Novice: 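What follows is a structure written as structure tokens; I'll ask about it next.
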Amino acid sequence: MEVPLCVLVTGGAGYIGSHTVLELLLDGYKTVVVDNLNNSSEIAIARVRQLAGDHAHNLSFYKMDIRDKPALEQLFASTKFDAVIHFAGLKAVGESVEKPLMYFDNNIIGTITLLEVMAAYGCNKLVFSSSATVYGWPKEVPCTEEFPLSAANPYGRTKLMIEDMCRDIFASNSDWKFILLRYFNPIGAHPSGLIGEDPHGIPNNLMPFIQQVAVGRQPALKVFGTDYSTKDGTGVRDYIHVVDLANGHIAALKKLFDPTIGCEVYNLGTGKGTSVLELVSAFEKASGKKIPLVKTGRRPGDAEIVYASTAKAERELNWKAEHGIEDMCRDQWIWACNNPYGYQTEKTQ
Ligand code: NAD
Ligand code: WQD
């Protein structure tokens with residue numbers, strides 16, 4: 001019998017990580033998750049086990065900070081990893097402006113520590129969670145992977161710095177294989193309603209905020225800017241179903257074993273732009289709830305229109321997003337109804 005490949009997933013208890021871990025297990029991979037649970041709950045791991053059924057025995061979880069080098073070394077000494085998918089990181093743009101050092105420490109030092117340990121133990125294949133944020137305010141759309149890159153805030157700078165680190169490491173030693181995935185705006189949840197996004201505190205992003213309005217945790221959605229040059233004046237983004245995104249990681253992982261791969265970057269989006277008002281209206285339809293709106297000024301740093309060119313991922317990863325906005329809103333609502341307070345069963349705020 002063929003021995004299954006073993007993948008280390010950093011940040012695997014988080015929103016995108018948990019959905020990806022489930023798809024890895026269902027695809028037959030042995031999966032080891034390390035997560036410090038800074039922005040997640042071990043309940044997500046238990047739910048993934050439940051959804052994975054017969055494959056659940058292939059999942060191990062360690063509560064660990066990736067900056068804890070001795071702990072990471074011990075893990076690599078005891079397990080041979082064929083590849084790493086690296087989600088672990090802090091991701092709140094506003095917080096990164098307030099606390100840049102915390103972002104540099106967690107995201108940059110964390111990644112350097114991981115790469116050093118991988119190098120020491122002969123593991124040279126990495127899939128990294130980058131972001132469409134590296135396109136800044138794109139001059140035109142769709143964004144192709146060749147667009148100029150910039151960082152508008154410390155969070156974005158960590159993504160750009162890590163991408164550059166990977167390019168430099170590959171230039172120094174072509175044994176490394178890197179796939180840098182630039183996600184657009186992941187939303188939705190697993191259709192079972194068992195796993196989904198569970199932001200701590202007041203959400204920064206549009207969909208989690210809409211969800212909290214729908215379940216009565218917030219009174220109204222602030223629409224940031226109604227004077228953009230878009231179809232209805234509100235910002236346009238490329239929302240992608242988190243299950244599609246998770247499957248994009250499986251496609252990327254397979255590509256890492258292609259002998260021709262070096263250091264490659266792929267957009268993961270749908271190629272379709274949706275405005276704030278369109279998303280609100282699709283969510284209202286899916287949930288039957290009215291979302292009260294308060295129209296306010298633009299949020300500093302926001303781009304007007306961002307959506308992906310999906311051609312490269314389709315061509316080279318043989319991957320394409322399958323779900324539309326209706327599915328994303330439906331699954332978000334199932335998650336919200338089953339878990340109005342996220343993984344906490346009790347009302348905590
Ligand atoms: P998330 O916060 O739900 O998941 C990140 C996980 O990493 C959390 O479980 C957290 O506890 C863990 N973590 C953070 N620092 C760690 C550390 N030092 N050691 C161990 N674990 C640590 O976020 P997500 O939405 O699932 O995002 C995953 C990755 O994708 C992040 O790197 C994020 O920057 C990137 N990304 C996210 C989005 C998005 O909109 N959600 C878009 C583009 C890129
Ligand atoms: C989407 C649209 C807002 C909240 C961010 C990060 C990016 C990436 C994805 C990690 C915009 C509008 C939002 C609200 C609103 N994350 N909005 N009211 O800004 O595209 O991207 O998440 O890498 O790096 O910057 O996503 O969901 O915050 O905003 O009107 O309460 O919704 O102005 O047009 P964004 P978002």
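This structure is a prediction, so every number in the text was calculated from the model and none was measured. For the single chain, residues carry numbers from 1 onward in sequence order. Counting starts at 1 for both ligands and their atoms, following the listed order.
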Novice: Less than 3.5 Å between some nitrogen or oxygen of D65 and one of ligand 1, yes or no?
Specialist: yes
Novice: Mark up the atoms of ligand 2 that fall under 4.0 Å of a heavy atom belonging to V223, in ascending order.
Specialist: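 In order of numbering, the contacting atoms are 30 (O).
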Novice: If the cut-off is 4.0 Å to any non-hydrogen atom of N204, which atoms of ligand 2 fall inside it?
Specialist: 4 (C), 28 (O)
Novice: Under the side-chain hydrogen bond (donor to acceptor under 3.5 Å, both in side chains) test, which residues partner K285, sequence neighbours left out?
Specialist: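 For K285 there are no side-chain hydrogen bond (donor to acceptor under 3.5 Å, both in side chains) partners, ignoring immediate neighbours.
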Novice: For G235, take its heavy atoms, then give the atoms of ligand 2 lying under 4.0 Å from any of them.
Specialist: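 That gives atoms 34 (O) of ligand 2.
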Novice: Using a 4.0 Å cut-off to any heavy atom of Y155, which atoms of ligand 2 qualify?
Specialist: 10 (C), 23 (O), 24 (O)
Novice: Would Y135 count as a contact residue for ligand 2, given that I'm defining contact as a non-hydrogen atom of the residue lying under 4.0 Å from a ligand atom?
Specialist: no
Novice: Check this for me - ligand 2, R237, N or O atoms closer than 3.5 angstrom, yes or no?
Specialist: yes
Novice: Short N/O distance, under 3.5 Å, between V34 and ligand 1?
Specialist: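 Min N/O separation from ligand 1 is not below 3.5 Å for V34.
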Novice: Is M207 in polar range of ligand 2, meaning some N or O pair under 3.5 Å apart?
Specialist: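 No - when backbone and side-chain N and O of M207 are compared with those of ligand 2, no distance drops under 3.5 Å.
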Novice: Just distances here: any N/O of V93 and N/O of ligand 2 closer than 3.5 Å?
Specialist: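 Looking only at distances, the answer is no, because the N/O contact criterion of under 3.5 Å is not met.
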Novice: If the cut-off is 4.0 Å to any non-hydrogen atom of K222, which atoms of ligand 2 fall inside it?
Specialist: 14 (C), 15 (C), 18 (N), 30 (O), 31 (O)
Novice: Provide the number and element of each atom of ligand 1 under 4.0 Å from a heavy atom of L37.
Specialist: 11 (O)
Novice: Run the numbers for me: atoms of ligand 2, each under 4.0 Å from some heavy atom of T133, listed by number.
Specialist: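 Per the distance check, 24 (O).
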Novice: At their closest point, which heavy atom of F184 faces which heavy atom of C143, and how far apart are they?
Specialist: CZ-CB, 4.2 Å
Novice: Please work out whether the ring planes of H19 and H190 are parallel, tilted or perpendicular, with thresholds of 30° and 60°.
Specialist: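 Correct class here is tilted.
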Novice: Does a salt bridge link K159 with D164, judged by any charged N lying under 4.0 Å from a carboxylate O?
Specialist: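 No.
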Novice: Please list the nearest protein heavy atom to atom 29 (O) of ligand 2 with its residue and the distance rounded to 0.1 Å.
Specialist: R299 NH2, 3.3 Å
Novice: In ligand 2, which numbered atoms sit nearer than 4.0 Å to a non-hydrogen atom of S131?
Specialist: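 The list of qualifying atoms is 8 (C), 10 (C), 23 (O), 24 (O).
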Novice: Have a look at Y239, F209, F224 and point out the one with the heavy atom closest to atom 4 (C) of ligand 2.
Specialist: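 The nearest heavy atom belongs to F224.
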Novice: Looking only at distances, can you tell me whether any N or O atom of S131, backbone or side chain, sits closer than 3.5 Å to an N or O atom of ligand 1?
Specialist: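 In fact, backbone or side chain, S131 has no N or O that close.
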Novice: Decide whether an N or O pair under 3.5 Å exists between A13 and ligand 1.
Specialist: no
